[in-house]
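Inspection log for the structure reproduced underneath, given as structure tokens.
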Amino acid sequence: MSETIFGKIIAGEIPADVVFEDEQSLAFRDVNPQAPIHVLVIPKREIANIAAAGDDDAALLGHLLLVARRVAEQLELADGYRLVINCGPDGGQTVDHLHVHLLGGRGLGWPPG
Ligand code: AMP
């Protein structure tokens, strides 16, 4: 059984609004969007967070970024967007399955909170 809510989405145990999928990854809309476009890109293989990724995950990590770019193109974020990876409690991570936030559709402030 999957341990996190994202594992359950991968397993098809709970629904998600999927915008892209391939062998290694899944991209779906965030249930609590922080921008007009808010998509999460996750690896199908469970990795808790970026701190838990190994050197042998380099290709997979690169793939997730390219998937995020592809989804940004698909959703026509021509004016730009932001990719965010939260890690651990201080990073604001709430789901222990690595994910890349793709945020866009409005001007985003900096620095983040
Ligand atoms: P983080 O705080 O970086 O761990 O991000 C976790 C994100 O997952 C949050 O933005 C949540 O809104 C989102 N989230 C939690 N459960 C679901 C779900 N079932 N479907 C889609 N997004 C979710």
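Indexing begins at 1, ligand by ligand and atom by atom, following the structure's order.
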Inset, instruction - Report the C-alpha separation of W110 and R82 in whole Å, then their side-chain angles, then the decisive distance to 0.1 Å, and conclude whether the side-chain contact (heavy atoms from CB on, under 4.5 Å) test is met. - result: CA-CA 11 Å; W110 191 265; R82 183 172 296 165; 3.5 Å; yes
Inset, instruction - Answer yes when D57 and R45 have at least one side-chain N-carboxylate O distance shorter than 4.0 Å, and no when they do not. - result: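 Salt bridge flag = yes for R45 with D57.
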Legend entry - K44 bridged to E21 by N-O distance under 4.0 Å: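 Counted as a salt bridge, because a side-chain N and a carboxylate O are separated by less than 4.0 Å.
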Please output the side-chain donor-acceptor pairs of residues 35-43 that fall under 3.5 Å, not counting sequence neighbours, one pair per line with the distance.
from: H38; atom 1: ND1; to: Q34; atom 2: N; distance (Å): 3.0
from: H38; atom 1: NE2; to: D30; atom 2: OD2; distance (Å): 3.4
from: H38; atom 1: NE2; to: H101; atom 2: ND1; distance (Å): 2.8

Inset, instruction - For ligand 1, would you mind listing the residues that have at least one heavy atom less than 4.0 Å away, ordered by chain and number? - result: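 Residue list for ligand 1: I5, F6, I9, F28, R29, D30, V31, N32, L40, N86, G92, Q93, T94, V95, H99, H101.
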Inset, instruction - Compute whether any side-chain donor of one residue and acceptor of the other, for H63 and D22, lie under 3.5 angstrom apart. - result: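 On atom types as modelled, these side chains qualify, holding a pair under 3.5 Å.
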Inset, instruction - Inspect the surroundings of CG in D17 and state if more than 12 heavy atoms from other residues, nucleotides or ligands are less than 6.0 Å away. - result: yes
